[in-house]
Amino acid sequence: MDIARLTTDVLILGAGGAGLFAALHAHDADPSLDITIAVKGLLGKCGCTRMVQGGYNVALAPGDSIERHFMDTIEGGKWLPNQDLAWALCSGAVERIRELENELGCFFDRNPDGTVHQKAFAGQTFDRTVHKGDLTGIEIISRLAEQVWKRNIRRLEEHRALDFIVARDGTLAGVVMIDVRSGLPLFVQARCVLLATGGGPTMYRFHTPSGDKSCDGLAMALRAGLPLRDMEMVQFHPTGLLAGAHTRMTGTVLEEGLRGAGGHLQDGSGARFMHRYDPRDERATRDIVSRAIFAEMRAGRTTRNGGVWLSMAHLGPDNVRRQFKGMVERCADCGFDLAAGKVEVVPTAHYMMGGVEFDVDCTTEREGLLVAGEDSGGVHGANRLGGNGVANSTVFGGIAGETMARQLRRPQSQREPDVDVLHASIARAMRPFDLHANGAGAPGQLESLRERLFTTMWDDAGIVRDATGLGRASAALTALKVELDAYRLPHAARDPAFNVTWHDWLNLSSLVDVSQVIVHAALARENSRGAHFRVDFPDAGDLDTSSYTRARQAADGTLTVEAIPVQFTRVRPGQSLV
Ligand SMILES: Cc1cc2nc3c(=O)[nH]c(=O)nc-3n(C[C@H](O)[C@H](O)[C@H](O)COP(=O)(O)OP(=O)(O)OC[C@H]3O[C@@H](n4cnc5c(N)ncnc54)[C@H](O)[C@@H]3O)c2cc1C
């Protein structure tokens, strides 16, 4: 097969906050660089940064400080974050928010005195979340995209990265991808590559991230033998909309502010239940509220569709309509009256704290490969504070851009790909076509495989875990992998151009691989911290001897998980910087 080739200095995978900031900073550091952004969707229209509702955490106001933001991040992360990364996040956010406003032209909400308005978010000791109503992400991504369009930066839209390709000596030569529109492979040879495909826990029955996210980047990193840390840490948001199985609106986040403003959670019979789980009632943290709802669901005290009610009417319908316009309209689209009635909700998988291990300058252990945003691990530890996600992607995206420009100041030639590795990657991706052509494999139903993945991860590797369930999940994932590998495309889907069925198969393959890592890391962590709760090991364990999980896949596919001691480089448990 002929494989088209493109050569560039900098290749960026993903066009969220991380990818776009990296492109801008690399270009501004050295405008002579040839920079290419490859993105699975359309630039400016895909990924989760665009979906950010609540806002951006940054210590701006008098009385707040970087130290305070840092301590909230460390304590929220249950002492598992890499403290140097967390410090870079909190200090870098101050610079990045000014850049967003003053250089990129973002408009954020302001107080009457002209200062930037900052709202309260759960788990923080200060009101520090900068926002633009509840559409903060659209403001950020739109302004970023304009700046990228303005510059001489190449865009490969609807290009799906498949694998990192090494040279014969094992160094990184580039990335092979599929042009979704033509279905043809393309090898992009690059001197530096940034992984910024944004994780995304879409292997759970209920989830919030955008449909283009299927953990492809993490699966690529796994196949490349890179270490992934904290993969057991999957954050569930307690109130995802439950609008029935027929609509993708199911799982969509109904923002935390609803509970913060005094919203009530009720079981199927209309009785409030949070007082049985936490003295803060509905204002308890995301993990506690999610577990409480899950317990009600397991006890069968649910609504018609198997969730619980969120009720706001007692706060006055006009008041709710005024305060939560976007949420009220979103619910109305799905037939719910949030202002005067009740809405069915369910916990929903929201964010992966885990990802590729990296350094403060965004380098990884593989020379020439950097990572930023939700694909990276170590910034948030066991839990991410709401508002720290978009700060993470934009702060580290910018740093990655600068690092790549700096690295490329050293003369460095392009590396030739190992053609065997390149062809093996394409053969893996094309397998369902080959099985079709040979009449081999099984036609199967991707929808039923997806349903099994959803059920497995939701029931056995979700909000509440134990060794038996995790063991069951691992076996189910192994069986799913075998069936996926034997999947043959149906006759009607034999054209690779814009072949949604094929991409569904590729998505599922990435998700199953990464799910297996989540399950193994969850089995290895025999305590309960933040987002990870084991009924068979309910204690948090000793904070002073905290360790994080490091998962790595060997060339033969064997997965190992090690416990690595956390280095308390800035503050120890029991101490504080404020
Ligand atoms: C509904 C919702 C609300 C949120 N609200 C907040 C909030 O209020 N505050 C906050 O801090 N965080 C919030 N988050 C989290 C936040 O969106 C993420 O932390 C952050 O935006 C991730 O940025 P990123 O650049 O890493 O990834 P993304 O913005 O998700 O971008 C990933 C990019 O990678 C591309 N991609 C994926 N796979 C491939 C592939 N194989 N090849 C090429 N490209 C690929 C995608 O198309 C996309 O362009 C929210 C998330 C969701 C889902």
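In each ligand, atom 1 is the first atom listed, and ligand 1 is the first ligand listed. We number each residue from 1, following the sequence as shown.
- Contact atoms of ligand 1 toward Gln53: 5 (N), 8 (O) (distance under 4.0 Å to a heavy atom of the residue).
- A distance-only check finds no donor-acceptor pair linking the side chain of Asp64 to the backbone of Asp127 [under 3.5 Å].
- With ligand atoms numbered from 1 in the order given, ligand 1 contributes 47 (O) to contacts under 4.0 Å with heavy atoms of Gly41.
- Of all atoms in ligand 1, numbered sequentially from 1 with element shown, those under 4.0 Å from a heavy atom of His159 are 42 (N), 43 (C).
- Between the side chain of Glu282 and the backbone N or O of Leu265 there is at least one donor-acceptor pair closer than 3.5 Å.
- Side-chain atoms of Arg151 and Gln147 include a donor-acceptor pair closer than 3.5 Å.
- When only interatomic distances are considered, the shortest N/O to N/O separation between Thr208 and ligand 1 does not fall below 3.5 Å.
- At distances below 3.5 Å, not a single donor-acceptor pair connects side-chain atoms of Arg330 with backbone N or O atoms of Leu241.
- For the residue pair Asn392 / Glu374, no side-chain donor-acceptor distance below 3.5 Å is found, with atom types taken as modelled.
- Using a 4.0 Å heavy-atom cutoff, Gly386 is absent from the residues neighbouring ligand 1.
- Of the possible donor and acceptor atoms, one in the side chain of Asn82 sits under 3.5 Å from a partner among the backbone N and O of Leu85.
- For ligand 1, the polar-atom distance check against His350 finds no nitrogen or oxygen pair separated by under 3.5 Å.
- Put simply, the side chain of Trp505 gets close to the backbone of Leu484: a donor and an acceptor are under 3.5 Å apart.
- Scanning the protein for heavy atoms near atom 47 (O) of ligand 1, the closest one is Asp212 OD2, 2.6 Å.
- The aromatic rings of His350 and His237 stand perpendicular to each other, their planes meeting at an angle above 60°, with 30° marking the opposite boundary.
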Output side-chain donor-acceptor pairs under 3.5 Å for residues 11-22, partner residues at least two apart or in another chain, one line each.
none

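- Residue-to-ligand polar distances place Lys40 within reach of ligand 1: an N/O pair is separated by less than 3.5 Å.
- Considering only non-hydrogen atoms, atom 31 (O) of ligand 1 lies nearest to Gly16 out of Gly16, Ala38, Gly14.
- Taking the ring axis of Phe126 as reference, the NZ or CZ atom of Arg68 does not stay both within 45° of it and closer than 6.0 Å to the ring centre.
- In this structure a side-chain-to-backbone donor-acceptor pair under 3.5 Å is present from Lys119 to Gly54.
- Summarising the local packing, CG of Asn152 is surrounded by 12 or fewer heavy atoms from other residues, nucleotides or ligands at distances under 6.0 Å.
- Judged purely by distance below 3.5 Å, without hydrogens or angles, the side chains of Thr125 and Asp72 pair a donor atom with an acceptor atom.
- Between Glu256 and Arg259, at least one side-chain nitrogen of the basic residue sits less than 4.0 Å from a carboxylate oxygen of the acidic one, meeting the salt-bridge criterion.
- Within the structure, the closest approach of Met177 to ligand 1 does not fall below 4.0 Å when heavy atoms are considered.
- Under a 4.0 Å criterion applied to the non-hydrogen atoms of Ala196, ligand 1 contributes the atoms 32 (C), 33 (C), 34 (O).
- Between Val52 and ligand 1, a contact under 3.5 Å exists for no N or O pair.
- Contacts between Asp216 and ligand 1, counted as non-hydrogen atom pairs separated by less than 4.0 Å, involve the side chain only.
- In this structure, Glu255 does not count as a contact residue of ligand 1, since none of its heavy atoms falls inside 4.0 Å of the ligand.
- Distances below 4.0 Å separate heavy atoms of Gly387 from the following atoms of ligand 1: 9 (N), 10 (C), 11 (O).
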Query - Chi angles and distances behind the side-chain contact (heavy atoms from CB on, under 4.5 Å) call for Leu195, Leu226 - result: CA-CA 12 Å; Leu195 180 65; Leu226 287 157; over 6 Å; no
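- Atoms of ligand 1 found under 4.0 Å from any heavy atom of Gly389, numbered from 1 in the order shown, are 10 (C), 11 (O), 12 (N), 19 (O).
- If you look at Asn388 next to ligand 1, the close heavy atoms, those under 4.0 Å, all belong to the backbone.
- Atom 26 (O) of ligand 1 has as its closest protein heavy atom Glu374 N, 2.8 Å.
- Residue, atom and distance of the protein heavy atom nearest to atom 27 (O) of ligand 1 are Gly198 CA, 3.4 Å.
- Side chains of Arg128 and His69: a donor-acceptor N/O pair is absent below 3.5 angstrom, by distance only.
- Among all protein heavy atoms, the one lying closest to atom 23 (O) of ligand 1 is Thr49 OG1, 3.1 Å.
- Taking any N or O of Cys48, backbone or side chain, at least one lies under 3.5 Å from an N or O belonging to ligand 1.
- Taking only nitrogen or oxygen atoms, main chain and side chain alike, Ala18 reaches within less than 3.5 Å of ligand 1.
- Contact atoms of ligand 1 toward Gly373: 26 (O) (distance under 4.0 Å to a heavy atom of the residue).
- Contacts of Ser210 with ligand 1, taken as heavy-atom pairs under 4.0 Å, are absent altogether.
- When only interatomic distances are considered, the shortest N/O to N/O separation between Ala372 and ligand 1 does not fall below 3.5 Å.
- What sits closest to atom 37 (C) of ligand 1 on the protein, heavy atoms only, is Thr197 O, 3.5 Å.
- Between Thr197 and Lys40 there is no side-chain heavy-atom pair separated by less than 4.5 Å.
- Side-chain contact between Leu449 and Leu480 is present, with heavy atoms from C-beta onward closer than 4.5 Å.
- When the heavy atoms of Gly55, Gly200, Gly54 are ranked by distance to atom 9 (N) of ligand 1, first place goes to Gly55.
- Taking any N or O of Arg50, backbone or side chain, none lies under 3.5 Å from an N or O belonging to ligand 1.
- Contacts with ligand 1 closer than 4.0 Å are made by side-chain heavy atoms of Tyr351 only, the backbone lying farther away.
- Which parts of ligand 1 touch Arg160 is read off a 4.0 Å heavy-atom cut-off, strictly below it: atoms 41 (N), 42 (N).
- Remark: among candidates His503, Arg384, Met51, His207, the nearest residue to atom 15 (C) of ligand 1 is Arg384, based on non-hydrogen atoms.
- Some N or O of Ala161 is nearer than 3.5 Å to an N or O of ligand 1, by distance alone.
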